[in-house]
Amino acid sequence: MVSYERYAIPSTTAEMDRLMTEHPMGDAVVDRVDGRRISVAGRWLADFASCNYLGLDLDPEIIAGIPEFLARWGTHPSWARAVASPAPYQWIEAAVAELLGVEDVLAFPTLTQTHNGVLPALVRKGTVLVDTRAHRTIHDAGKIARAGGASLRRFRSGDVAHAGRLLGLSDRSPRVICMDGINSMTGNPPDLPAFAALAREHGALLYVDDAHGFGVIGERTGYDPSPYGRRGNAIVRFFGERYDNVVLTAGFSKAYSSLLAFVACPTELKRYLKVMVPSYVYSGPVPVASLATALLGLQVNQRRGDELRAQLWHKTQTLLDHLDKLGVATTNRSGFPLVELAIANPEDLDAVGRHLFDQGIYVTLAPYPVVPRTEVGFRVQVTVANTAEQLDRLLTVLDEVDDRFGFRRPHPERPS
Ligand SMILES: Cc1ncc(COP(=O)(O)O)c(C=O)c1O
């Protein structure tokens, strides 16, 4: 008999385990969905934990378009991509390449798979530098690269000078600097032009994960329907940057409400990745329904995306303006629909979460060690599908949380 005692939960993750097993807002089962309302344990709540920013998960046009794809391609192709891919893959890759303004695109089921395969293939036995606040999946991919013989270093988040010093110290090429685009916790972009310049100066690659930005932020003309810019073509275009020395990765699982991810790169690099990335050669593809929602989502984006983004901006501003009035600083300086709030006393997280739940608001709790102890609190995400009434209710409940428990002022990541 194997003993599972060795798998006791370590004390560092005990709080997370407790929230997931005992708290109504952790590891929940959603029994019904009605617009951006969810029913958990028989209770209806306004969902502010969804990353379906453009509301495409509920879009009638997209939902109605799926059966035609299933009738034509079946439910699931089941070939490894290196063996064969249904044509919608090709259509999506071409459409995304055109949208971003890149030479080529290679799609994978998830960003986790993309990072785990693409990053080690790019780094080889060289050097990988990872921003300390990059998404966990990038850190893990860095460790895979290290196991393959690369040198792995971390630089202080957003600190171009620190990354530059580490680059100067490393003599092992290729060298790859990795970071989030729109950061998954703060909602802010990095100084992409400065990091791209650093990469070019050192002959390195800048590897960016814009999981959140893709579909929300995009190219800016100065006359845009919202400060997010146009077309949702992600962070490189948002900054008006070029793609040389920049490898952009992003996914459809947030703004596009679909299971699919991609790396944007020159065709020559795509050819290399197709044989070097294990998941392209050995793993199964995404279900046809996901290819359908990705493709139909791209079509909707072309026709209605800017209008949806303008609505999203206004809804998010309502929340941010209210927090300003309350004097609550969040990390969010960008107006992106992802707002992290730290509570005054980390010990109150359980009670704060229960209050939100009891008052009909569902958010993403952020316990330690998901965030540092000083930033324990919760994350609110706004989507186009959240109604004005839901937003009103959210603001009222945030006032109550502030009265009863207090938010941390200023936010530890954003000193005033
Ligand atoms: C910044 C970032 N990168 C990667 C991922 C993982 O994406 P996927 O579910 O496609 O593996 C997430 C998911 O939340 C994310 O926020």
Side-chain angles (χ1 to χ4, degrees), residues 16 26-27 47-54 56-57 81 89 92 96 105-120 128 130-145 157-158 176-190 192 195 206-217 232 234-236 238 247-264 277-280 283-287 289-291 293-294 297 331-332 334 336-340 363-367 370-371 378-383:
M16 199 172 146
D27 211 15
D47 177 10
F48 287 98
S50 161
C51 288
N52 292 300
Y53 298 119
L54 299 181
L56 300 187
D57 55 321
R81 286 217 57 205
Y89 260 112
I92 292 167
V96 174
V105 156
L106 183 60
F108 295 94
T110 64
L111 261 175
T112 307
Q113 274 195 1
T114 308
H115 296 332
N116 287 350
V118 173
L119 190 56
V128 56
V130 183
D131 183 299
T132 46
R133 289 222 161 210
H135 195 260
R136 169 66 186 260
T137 51
I138 301 186
H139 285 284
D140 288 350
K143 288 180 194 160
I144 295 175
S157 187
V176 184
I177 309 164
C178 305
M179 57 176 52
D180 282 12
I182 290 290
N183 184 276
S184 66
M185 292 306 290
T186 67
N188 294 325
L192 189 94
F195 278 100
L206 179 63
Y207 183 93
V208 184
D209 169 349
D210 203 20
H212 291 268
F214 178 61
V216 177
I217 58 167
I235 190 156
V236 178
F238 179 74
V247 173
L248 178 73
T249 62
F252 282 72
S253 69
K254 316 271 186 242
Y256 281 91
S257 312
S258 190
L259 183 85
L260 198 67
F262 63 84
V263 55
V277 175
S279 62
Y280 196 84
S283 300
V286 300
S290 286
L291 296 174
T293 47
T331 47
N332 190 310
S334 63
F336 194 84
L338 191 159
V339 179
E340 191 196 354
V363 296
T364 306
L365 295 183
V370 175
V371 293
F378 55 93
R379 196 173 77 169
V380 177
Q381 278 117 238
V382 181
T383 73

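Counting convention: from 1, in listed order, for ligands and their atoms alike. Note that this is a predicted model, so its numbers are computed, not measured. For the single chain, residues carry numbers from 1 onward in sequence order.
- Although no hydrogens or angles enter the test, the distance criterion places a donor-acceptor pair under 3.5 Å between the side chain of Asp210 and the main chain of Ile182.
- For atom 9 (O) of ligand 1, the nearest non-hydrogen atom of the protein is Ser253 OG, 4.3 Å.
- For atom 8 (P) of ligand 1, the closest non-hydrogen atom of the protein is Leu111 N, 3.6 Å.
- If you check the side chains of Thr186 and Thr331, you find no donor sitting under 3.5 Å from an acceptor.
- Atom 5 (C) of ligand 1 has His135 CE1, 3.4 Å as its closest protein atom, hydrogens excluded (heavy atom only).
- For ligand 1 and Thr137, the ligand atoms under 4.0 Å from any heavy atom of the residue are 3 (N), 4 (C).
- Formation of a donor-acceptor pair under 3.5 Å by the Asn188 side chain with backbone atoms of Ser334 is found in this model.
- Heavy-atom contacts of Ala211 reach the following atoms of ligand 1: 1 (C), 2 (C), 3 (N), 15 (C) (cutoff under 4.0 Å).
- Annotation: the span from Gln113 atom CD to Ser279 atom OG amounts to 4.0 Å, rounded to 0.5 Å.
- Close contacts between ligand 1 and Thr110 involve ligand atoms 8 (P), 10 (O), 11 (O) [criterion: under 4.0 Å to a heavy atom].
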Evaluation steps, side chain to side chain contact (heavy atoms under 4.5 Å, CB included), between Gln381 and Tyr53: CA-CA 8 Å; Gln381 278 117 238; Tyr53 298 119; 4.2 Å; yes
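- Counting heavy atoms closer than 4.0 Å to ligand 1, residue Ser184 contributes side-chain atoms (C-beta onward) but none from N, CA, C or O.
- Between the side chains of Asn52 and Ser257, a donor-acceptor pair is found at a separation under 3.5 Å.
- Considering CZ of Phe214 and CZ of Phe238, their distance stands at 15.5 Å, rounded to 0.5 Å.
- Between the His139 side chain and the Asp131 main chain, a donor and an acceptor come within less than 3.5 Å of each other.
- Of the protein's non-hydrogen atoms, the one nearest atom 3 (N) of ligand 1 is Asp209 OD2, 2.5 Å.
- For atom 16 (O) of ligand 1, the closest heavy atom belonging to the protein is His212 NE2, 2.9 Å.
- Looking from atom 11 (O) of ligand 1 to the surrounding protein, the closest heavy atom is Thr112 OG1, 2.5 Å.
- From the protein, the heavy atom lying nearest to atom 13 (C) of ligand 1 is Lys254 NZ, 2.8 Å.
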